[in-house]
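Data block below; observations after.
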Amino acid sequence: MSKESTVHLFRRLEQLNGIGAALSRERDIDRLLENILEAAKAITGADGGTLYSVTEDQTALRFEIVRTDSLDIRLGGTTGRPIDFPQLPLRNADGTPNDSLVAAYAAIHDRTVNVADAYTEEGFDFSGTRLFDQRTGYRSQSFLTVPMKNHDRELIGVLQLINARDPETGEVTEFSTADQSLAESLASQAAIALTNRLLITQLERLFESFVNLINLAIDEKSPYTGGHCQRVPALTMMLAEAVNTTQEGPLASFTMTERDRYELKMAGLLHDCGKITTPVHVVDKATKLQTLYDRIGLVDTRFEVLKRDAELAALRRQLALRPVVDAAAEALELQGLQHSIHTLEEEREFMRRCNQGAEAMRAEDQQRVRDISAARQWRNPQGVQTSFLTAEEVENLTIRSGTLTQAERDTVNYHIVATIKMLETLPWPRHLKNVPEYAGGHHERMDGKGYPRGLTRDQMSVQARMMGIADIFEALTAADRPYKSGMTLSQALAIMCKMRDNGHIDPDLFQVFVREGVYARYGKEFLEPAQVDEIPPEVIARALVS
């Protein structure tokens, strides 16, 4: 071998080593496949090539990447141009090996096939190649077909190179022994890189499926939280992308890589996984007296008992008047009965209104509930005269805002503690190590008055603060909650302005949220048309104040 040939081979070996290192770093499957084919073409001087992958059932080869430089053909991969060629079956209809196709032969027999000229080669069917040449004016000549197998010797694909070119003259020539050795070495390295990437991708898909399984369990448990578990991550990513493109202000230095995006997305999907531990009757509590059912029906029954008691008492008094036959007294009794029944009906309607919890309860209404409970007594199923309402019922019916007692709020709030506990027990890989912090911080406040850890703004990551804004905005606008209707965009923004002023949410992030129209994009995609209203200029102006 001449000195020039030795130097040339040495350079190609160096190139092969560099290619192997580059392939091991690539994360995107389509780009990895492209890189494998382009590297093989470059190292052997081939004009074109095809990369096949084996189908899941191991019965055929599927076209993944097709390249021909002289014809400027680029199909598959990241080009967005699909390959409409049929798959190459590995077996004939009778079950025998499909040895007529060179790519199938190489795959079946785990053997590299080096063809000097397809038009003179015997034993293989190159009719498809000839049709391609007739249609394009191309002349397919030399072929180098290399099977790709993983570390378990399982077929994962086939690398096929077409028309080796002389580096000096550019003329098409056959693939040399050195070309074949380099291509086989590259195919081996490429198979390892591709297998590793496929395994990582499969593990990521398995992990995402497991996350979705948790959300599905929460969804099945309560349909009112299932939508929340999907919308919050979507809104979080919308805000994150808006911040990522910000070029000025205190957030101008914030940037995200693809790994950062994936980590934040996973945190968003898992941010409420602790709700799987929350009792469903608390999560779905639509009225103040609801547990497994709405106990306002029991209160209704007691009112009916009181009405019957009043009627029976009036009838007894009327019967007592019979010997006297005092019509005026009987009429007075009937009038008193009607007044008593009217009062009971009015009190029952009042209790029903109190049970809804749709708006803040006035102090005088709270006191009236207590007064009714203290003044009224009823005979329970045991025949004992007792207070009209139990202490627990009074506590529920006098809830000032919403439908949850403080104990029930603590139960709901515990979901974030459960979320943190669940996530911190997992052995997160390095690129997902921040998931517990991102997911566990969405109920903290900038002023340190949030829960569960009372963190301040400076103690929280930007991503955790983003999730806090997304969680609140979704909750305000959600139309699928049993205890409230979804707010309009303008109502939600006005409330969030107050929350920003009160130290609840991050002012810089909220400014980006409004300035970049994140709320509008979210509304268009997720809210009912009636909720997407025109934002008053004064609300926008107030929201943009940093």
Quick one: side-chain contact (heavy atoms from CB on, under 4.5 Å) partners of [X], sequence neighbours excluded?
X: Arg376; answer: Leu306, Thr343, Leu344, Glu347, Ile372, Phe388
X: Glu349; answer: Arg352, Arg353
X: Glu424; answer: Ile420, Pro436, Arg453
X: Thr257; answer: Arg259, Asp260

Legend entry - By ring-ring contact (aromatic ring centres under 6.0 Å, His included) - contacts of Tyr52 (at least two apart):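 If we apply the ring-ring contact (aromatic ring centres under 6.0 Å, His included) test to Tyr52, skipping adjacent residues, the hits are Phe63.
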
Inset, instruction - Go through the structure and list residues passing ring-ring contact (aromatic ring centres under 6.0 Å, His included) with Phe513, not counting sequence neighbours. - result: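 Listed in chain order: Phe473.
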
Minimum heavy-atom distance [X]-[Y], with the two atoms named:
X: Leu455; Y: Glu444; answer: N-OE1, 2.9 Å
X: Cys273; Y: Ile214; answer: CB-CG2, 3.9 Å
X: Ala492; Y: Leu476; answer: O-CD1, 3.9 Å

Inset, instruction - Return the set of residues passing side-chain hydrogen bond (donor to acceptor under 3.5 Å, both in side chains) with Glu248 (not counting sequence neighbours), or none when no residue passes. - result: none

Legend entry - Atom CD of Gln367 with >12 non-hydrogen neighbours under 6.0 angstrom: yes

For the residue pair [Y] / [X], report whether a side-chain donor-acceptor contact shorter than 3.5 Å exists.
X: Asn212; Y: Glu208; result: no
X: Thr55; Y: Asp57; result: yes
X: Glu204; Y: Thr201; result: no

With [X] via salt bridge (Lys or Arg N to Asp or Glu O under 4.0 Å) - residues at least two apart:
X: Asp501; value: Arg542
X: Arg445; value: Asp447
X: Glu534; value: none
X: Arg465; value: Asp506

Show the atom names and distances, to 0.1 Å, of all donor-acceptor pairs under 3.5 Å that link a side chain in residues 515-524 to residues at least two apart or in another chain.
from   : atom 1 : to     : atom 2 : distance (Å)
Arg521 : NH1    : Glu516 : O      : 2.9

Legend entry - Lys/Arg-Asp/Glu bridge criterion (N-O < 4.0 Å) met for Arg62, Glu56: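 Counted as a salt bridge, because a side-chain N and a carboxylate O are separated by less than 4.0 Å.
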
Legend entry - Flag side-chain contact, heavy atom, 4.5 Å: Thr255 against Asn244: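 Answer yes - side chains close enough.
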
Legend entry - Check: His271 ring centroid to His443 ring centroid under 6.0 Å: no

